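Numbers here simply count residues along the sequence, with the first being 1. This structure is a prediction, so every number in the text was calculated from the model and none was measured. Excluded from the calculations below are hydrogen atoms, water molecules and symmetry mates; all remaining heavy atoms, backbone and side chain alike, are included.
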Amino acid sequence: MKSSHPSCEPIRILILGGGFGGMYAARRLQRAARRDPRLQVTLVSRDNFFLFTPMLHEVAASDLEITHIVSPVRSMLPHVNFFCGEVDAIDLEHRRVRVSHGFGRHAHDLEYDHLLLGLGSVTNFFKLPGVEERAVTMKSLGDAIGLRNRLISLLEEADTECAAEQREGLMTVVVAGGGFSGVETIGGVNDFIRDSLRHYPHISPQLVRMVVVHPGDVILPELGPELGAYAQKKLAERGIEIRTNVKVARATEDTVMLSDGTRIPTRTLIWTAGTAPHPIVGMLPCQCERGRICANEFLEVPGRPGVWALGDCAVVPDLTTGRPCPPTAQHACRQGHVAADNILAAITGGTKRPFRFKALGQLAAIGHRAGVARILGVKFSGFPAWWIWRSIYLSKLPTLEKRIRVAIDWTLDLIFSKDLVQFLTVRAITVSHIQHDEEHGHAAEADLLALRSGEPGAPPTPSAAPVRQEVLMN
């Protein structure tokens with residue numbers, strides 16, 4: 001087939017977003033770039049790794065090591081140009097994208113012949129008072145690590161004698177949203193907290209309170225009322241409260257208030273109740289629906305030749321149902337393949353194929369080695385569903401190395417207790433003083449005595465003694 005470009009002219013394909021859709025499209029285009037040196041594929045992502053989000057809650061629950069569900073982009077895409085930075089502006093008229101990176105937000109303009117939009121979604125707090133300032137989200141690896149650190153901090157604080165009157169609030173966790181993310185998160189958090197209590201003698205199991213707040217009649221509505229009811233029953237058996245037909249109304253530092261007037265004393269609100277498309281997508285001069293850019297069945301943006309869209313930021317018609325495709329990873333992966341093939345078809349003058357996919361099923365882990373699933377119309381629950389969940393997602397990890405590492409983590413989790421080490425980035429204590437010599441023999445000691453108070457010549461405090469010993473040993 002004859003190319004629509006001169007044989008010597010480079011063809012610039014720019015992919016925005018390193019999620020499932022963008023990554024799978026880049027991997028597909030990478031194969032073509034090996035055969036055709038004209039193809040210059042560039043991927044822009046704010047992270048230099050691909051995050052396997054279905055296992056995010058297992059990092060928060062200390063079931064997996066934090067790096068075992070992420071894969072470096074550069075090793076996955078050795079034949080793709082990678083730009084680690086933020087997308088600041090998209091100029092469809094002049095076919096260029098403004099991106100920035102680095103500590104000083106240095107800007108670049110990237111030009112393209114074909115643009116694939118896969119920027120995904122962001123958390124939506126719906127302007128509820130206090131929620132954005134105090135809620136913990138579960139969208140990124142940093143969110144999972146932050147939640148894990150927070151849970152350990154709560155355990156450490158609640159175990160102290162001076163926190164006896166606040167233990168109930170410290171040991172209460174509220175999850176807003178009864179979808180897949182919310183249910184899997186509360187199941188993992190509940191297991192983590194209760195399994196860790198053996199190391200905290202002053203915290204009674206009766207003080208642990210886990211609450212799911214869901215606006216519908218039953219949690220996990222995507223799986224149907226039967227499996228949703230089963231999940232509610234199993235979670236309730238493990239001490240998790242399910243509050244249905246109610247929403248979070250506002251949050252303060254130590255309280256979550258619900259729409260029915262209920263006040264729940266807590267220091268931890270986990271928000272999984274809403275997302276919105278990436279804000280830059282809704283600003284484009286294209287047809288949009290609730291902030292998501294509209295694409296046709298070929299994943300093309302109508303009226304914008306060379307512009308394509310997929311994933312959570314796009315409205316893609318589902319030819320099997322007549323409704324828009326749901327924002328799931330299994331749809332985004334396959335949209336990535338189809339978009340890549342159609343971009344190549346547009347370049348070579350080939351025939352584009354429509355996106356047509358029927359979901360194979362949906363699964364959710366609910367903690368304590370139990371789950372719910374519907375695969376090809378067949379329903380599973382309990383341990384079989386949990387085993388299917390782990391088997392399928394293990395096979396979907398992008399590299400053999402990560403599959404082996406996750407399998408080892410899961411095996412060790414069956415034998416040993418959960419790790420309670422916090423992954424903090426606090427800098428170690430340091431001092432700066434003049435060189436020790438005969439003339440200034442007491443300078444170092446004077447600096448140490450003033451370390452805690454910040455005042456030269458201040459009297460020593462007991463807490464400064466360990467620091468003094470450490471510095472003098474060095």
Side-chain angles (χ1 to χ4, degrees), residues 3-48 73-74 77-101 106-120 277-288 292-296 298-311 313-314 316 332 335-350 352:
S3 171
S4 59
H5 290 254
S7 59
C8 61
E9 184 179 351
I11 305 170
R12 301 158 301 183
I13 304 173
L14 183 58
I15 303 171
L16 305 183
F20 281 95
M23 182 60 65
Y24 275 73
R27 296 180 79 180
R28 193 86 153 196
L29 290 168
Q30 177 176 240
R31 301 176 190 173
R34 293 176 184 173
R35 301 188 299 268
D36 189 346
R38 297 174 307 150
L39 297 180
Q40 296 182 359
V41 184
T42 301
L43 174 68
V44 178
S45 175
R46 64 179 301 176
D47 299 316
N48 77 333
V73 172
R74 296 184 185 274
L77 302 172
H79 301 285
V80 170
N81 300 318
F82 176 63
F83 189 98
C84 185
E86 298 277 357
V87 177
D88 295 330
I90 301 175
D91 186 348
L92 298 181
E93 297 297 331
H94 298 91
R95 291 178 171 262
R96 64 188 176 204
V97 175
R98 172 65 58 91
V99 295
S100 61
H101 71 102
H106 183 66
H108 296 260
D109 284 338
L110 303 180
E111 298 183 342
Y112 65 85
D113 298 301
H114 290 271
L115 175 67
L116 178 57
L117 299 169
L119 290 170
H278 194 290
I280 203 170
V281 174
M283 299 168 60
L284 296 176
C286 302
Q287 181 181 354
C288 292
R292 301 167 68 192
I293 192 167
C294 295
N296 61 22
F298 302 107
L299 304 174
E300 300 171 303
V301 177
R304 294 290 179 179
V307 181
W308 314 74
L310 49 64
C313 71
V316 179
Q335 287 174 2
H337 288 163
V338 173
D341 292 343
N342 287 345
I343 290 173
L344 295 174
I347 292 171
T348 61
K352 292 173 288 190

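Between the side chain of R12 and the main chain of Q40, no donor-acceptor pair closer than 3.5 Å is present. Listed for the E86 side chain is no donor-acceptor partner under 3.5 Å among the backbone atoms of S100. In this structure, H94 contributes its side chain and R96 its backbone to no donor-acceptor pair below 3.5 Å.
Shown here for A25 and A340, the closest heavy-atom pair between the two residues is O-CB, 3.7 Å. Annotation for R292 and G311: closest pair NH2-O, 4.1 Å, computed over non-hydrogen atoms. Contact between L299 and Q335 at its shortest, heavy atoms only, is CD1-O, 3.2 Å. Residues L119 and C313 approach most closely at N-SG, 3.7 Å, considering heavy atoms. Across K352 and A345, no two heavy atoms sit closer than the pair CG-CB, 3.9 Å. The shortest non-hydrogen separation linking Y112 to V307 is OH-CG2, 4.3 Å.
I347 has its side chain within reach of L39: a pair of non-hydrogen atoms, C-beta onward, lies under 4.5 Å apart. Side-chain contact between P305 and R95 is present, with at least one heavy-atom pair separated by less than 4.5 Å. With a 4.5 Å cut-off on side-chain heavy atoms, E9 and R38 do not count as touching. Side-chain contact between R304 and E93 is present, with heavy atoms from C-beta onward closer than 4.5 Å.
Among L115, L116, I13, the one residue that satisfies the side chain to side chain contact (heavy atoms under 4.5 Å, CB included) test with W308 is L116. Of the listed residues (D88, D109, D91), just one forms a side-chain hydrogen bond (donor to acceptor under 3.5 Å, both in side chains) with R98, and that residue is D109.
Atoms CG and CG, from L14 and N81 in turn, are 10.0 Å apart once rounded to the nearest 0.5 Å. With rounding to the nearest 0.5 angstrom, the NE2 atom of H79 is 12.0 Å from the CZ atom of R31. Distance CG/L29 to CG/L77: 10.0 Å, rounded to 0.5 Å. Note that the CG atom of L43 and the CD atom of Q30 stand 10.5 Å from one another [nearest 0.5 Å]. Going from atom SG of C286 over to atom CG of L117 covers 8.0 Å, rounded to the nearest 0.5 Å. For the atom pair CD (Q287) and CG (N296), the distance works out to 11.0 Å, reported to the nearest 0.5 Å.
Ring geometry for F20 against Y24 counts as parallel: the plane angle stays under 30°, on a 0 to 90° scale with 60° as the upper cut.
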Check against side-chain contact (heavy atoms from CB on, under 4.5 Å), D341 and R28: CA-CA 8 Å; D341 292 343; R28 193 86 153 196; 3.0 Å; yes
